[in-house]
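Beneath this line is the structure, given in structure tokens, with notes to follow.
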Amino acid sequence: MSNDAQHGPSIRFLGAAGTVTGSRFLLEHEDTKVMVDCGLFQGLKELRLKNWSPLPVDPAEIDAVVLTHAHLDHCGYTPRLVKDGFRGRVHMTEYTAKLADVVLRDSARIQMEDAAYAAKKKFSKHNPPVALYDEDDARHAVQLFTTHPFHERVQIATETFVTLRPSGHILGAAFVEVEFFGKRLLFTGDMGRDNHPLLVSPEAIPAGHFDAVITESTYGDRQHDAITSEFQDIINETVDGGGSVLIPAFAVDRTEVILVKLRELVETGAIRRVPIFADSPMALTALDFYRDAIDHHSPEIRAEVADEWDGRDPFDPGTLTELRTVDESKTINNPTNASIIISASGMATGGRVVHHLRQMLTNPKHTIMLVGYQAVGTRGRTLVDGAEFVRMHGEEVPVRARIEQVQSFSVHADGPGLIDWMRTASEAPKRVFVVHGEAGAADVFSQMIHSELGWPSMVPHDGQRVAL
Ligand SMILES: [Zn+2]
């Protein structure tokens, strides 16, 4: 910690420093405290345990929170913050509010189930085991939500103004300009790519000088492949062999992107017209918000998409079945006819996809296709890394199904993509903080910023406070 951090506005990195999850950045000046993103740590147990460490500041002293988007690693700590005394407003876009409502209630349910399970198995440190937060806490958090249109400059605390702009990552996602006691900051949140089938490309960086850019670096050390024929080849090979393809997909956005792609492939005859099942209640709720955004020509939806699909459904080639209840979900367990099943969670850590995996993993006819980022410590990562067995419901399940990872569906910009976006800045910022990447990726990306753009860049460590 530098000494001058005590004087003048400062930023503290309370998560997503040297890791991908737990985005929380605290801006402080005198009595004013504002948090940008309020995410949950996910993945390895040592990371998840960090959700239980109290913040270094009293949540009651935080004036306001800004959320960039509705992914759990950016919004999932909010109910705990409220449980621990936060009483300010939580600012975000309209669709982030709709999605975060669903995401936080689902998260609360999982936290409660985990606590109940720990109680039964008697392995909790807490006696009796408690949930990180429950559904009441989630409801209280949602009551504090305050929405703003894109591009509107709003005051959220003393000498603190925010402006949200489309980042093209998921519905509602924004990158955030924060003016904090005269300092001008840019938080990327998660930055999307130029090729999202539904969402507009990330908007250019607003003109003028920034005192700091706080950028994600999830794929900062990588370059995505162009969309390849890999996806359709894997489906065709599996279906031709009478098997089914199971796609674990994040409920919010990835499911939509996959469905649009499948609809195109069916319509052009690139894949066979087999039944497609969307099997995740949260994904189906999110799907309805995407349909709503398209029908309302929301500014973050590509104009050509809104025009072409107004009143029609871009997600269904005529073979889509939406499985809303558990009983409906069970009808496709252990599929005997070729089909494509999309189910959450995306890293196979929980949700209905676990039941499908349990049934399908042991059968070499089937394919498990992983299409998203697989964090270290998750079941999805274990599969990608080639494990011969995975632990599920307390037993070791042999992996006989075909395991494939297709990267072309990433909704994160890669290193060169982020650099191109940064080139839209009218002038060099005073400095860049690289966050939201595993240690290697963040370091590589930080060096890339320095070598490609000549901007001063650093990877802050967890808990570090820096004067602005
Ligand atoms: Zn995200």
Side-chain angles (χ1 to χ4, degrees), residues 15-17 19-25 35-43 47 65-78 90 92-93 95-104 106-107 164-176 186-203 214-220 222 224 248-258 280 282-283 286 289-290 293 300 344-347 349 370-375 378 380 407 409-415 417-418 421 434-438 441-442 445:
T19 185
V20 170
T21 61
S23 279
R24 305 167 193 167
F25 311 109
M35 191 178 255
V36 179
D37 275 344
C38 190
L40 214 54
F41 288 98
Q42 296 173 280
L47 283 173
V65 170
V66 186
L67 299 180
T68 59
H69 66 289
H71 276 151
L72 207 54
D73 59 324
H74 293 259
C75 73
Y77 190 74
T78 315
V90 186
M92 68 201 84
T93 65
Y95 281 108
T96 294
K98 289 181 174 180
L99 290 167
D101 182 340
V102 181
V103 165
L104 294 183
D106 183 74
S107 173
L164 305 164
R165 292 186 170 82
S167 72
H169 171 59
I170 66 171
L171 188 64
F175 66 88
V176 187
L186 191 69
F187 293 84
T188 67
D190 285 354
M191 193 51 63
R193 302 169 71 183
D194 290 338
N195 61 354
H196 195 290
L198 305 170
L199 302 177
V200 293
S201 296
E203 204 167 286
I214 296 87
T215 180
E216 69 132 326
S217 60
T218 316
Y219 288 111
R222 264 173 266 183
H224 295 314
F250 296 113
V252 178
D253 196 82
R254 200 64 49 91
T255 299
E256 286 75 17
V257 171
I258 298 286
S280 153
M282 188 161 59
F289 290 139
Y290 274 77
E300 58 201 297
S345 71
M347 299 190 237
T349 48
L370 296 138
V371 292
Y373 184 81
Q374 304 296 319
T378 62
Q407 291 285 11
F409 287 97
S410 173
V411 288
H412 285 272
D414 57 9
L418 281 166
W421 178 73
V434 178
V435 297
H436 199 288
E438 280 169 16
F445 186 56

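Note that ligands are numbered from 1 as they come in the structure, with each ligand's atoms numbered from 1 the same way.
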Verify the distance criterion only: is there a donor paired with an acceptor across the side chains of Asp73 and His436 at less than 3.5 Å?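 Checked: Asp73/His436 side chains pair up, N/O donor to acceptor below 3.5 Å.
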
Side chain [X], main chain [Y], donor-acceptor under 3.5 Å:
X      : Y      : value
Glu203 : Gly168 : no
Thr378 : Thr349 : no
Ser217 : Val435 : yes

Anything protein N/O/S under 2.8 Å from the Zn ion (ligand 1)? Just list residue and atom, please.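 For the Zn ion (ligand 1), the protein N, O and S atoms that sit under 2.8 Å away are His69 NE2, His71 ND1, His169 NE2, Asp190 OD2.
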
Side chain to side chain contact (heavy atoms under 4.5 Å, CB included) between Asp253 and Tyr290, intermediate numbers included: CA-CA 9 Å; Asp253 196 82; Tyr290 274 77; 2.5 Å; yes

Once ring pair (Phe, Tyr, Trp, His ring centres under 6.0 Å) is applied, do any residues pair with Tyr77, and if so which ones, sequence neighbours excluded? none

